[in-house]
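Below you'll find the structure, written out as structure tokens, and then a few comments.
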Amino acid sequence: MKVQVVERKVNLKDATKVYLDEKLAKFGKVFGADTTATATFYAQKNRIFLEITLRSGDVILRSETDDTDARCAIDKAVEVIDGQMRKYK
């Protein structure tokens, strides 16, 4: 699974990027190796916004979340995608 991280107006630590990779790895196991994920982080005022788009073949799963902490935003976004994946199965 390929994960692309885009940072706009925010600088993420390497530990946060590794945490994102670990969280998204479970979707790669379900959809296969050809899955690509794009995670876009951007900041507005005191909040960090996160958009995750997973593409695998003709399936597209997308979530948008925001929080004051990047890890909390990752957890929320993964929960949303997990629910969408359950519907897809």
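Once rounded to the nearest 0.5 Å, the distance linking OG1 of T40 with CD of E64 reads 9.5 Å. Distance OG1/T68 to NZ/K45: 15.0 Å, rounded to 0.5 Å.
The only member of V6, N11, I74 that meets side chain to side chain contact (heavy atoms under 4.5 Å, CB included) when paired with F41 is I74.
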Review item, side-chain donor-acceptor pairs of residues 48-55, under 3.5 Å, at least two apart:
residue, atom, partner, partner atom, Å
E51, OE2, Y42, OH, 3.4
T53, OG1, R62, NH1, 3.4

Only distances under 3.5 Å count here; give the side-chain donor-acceptor pairs of residues 16-36 to other protein atoms, sequence neighbours excluded, each with its distance to 0.1 Å.
residue, atom, partner, partner atom, Å
K17, NZ, E7, OE2, 2.9
Y19, OH, D75, OD1, 2.6
Y19, OH, D75, OD2, 3.2
T35, OG1, G32, O, 3.0

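Here the closest non-hydrogen pair linking V80 and S63 is CG1-CB, 3.5 Å.
Residues passing the side-chain hydrogen bond (donor to acceptor under 3.5 Å, both in side chains) test with R71, sequence neighbours excluded: none. Scored by the side-chain hydrogen bond (donor to acceptor under 3.5 Å, both in side chains) test, K76 finds D67 as partners (sequence neighbours excluded).
Pairs of residues two or more places apart, or lying in two chains, never qualify as ring pair (Phe, Tyr, Trp, His ring centres under 6.0 Å) while including a residue from residues 58-78.
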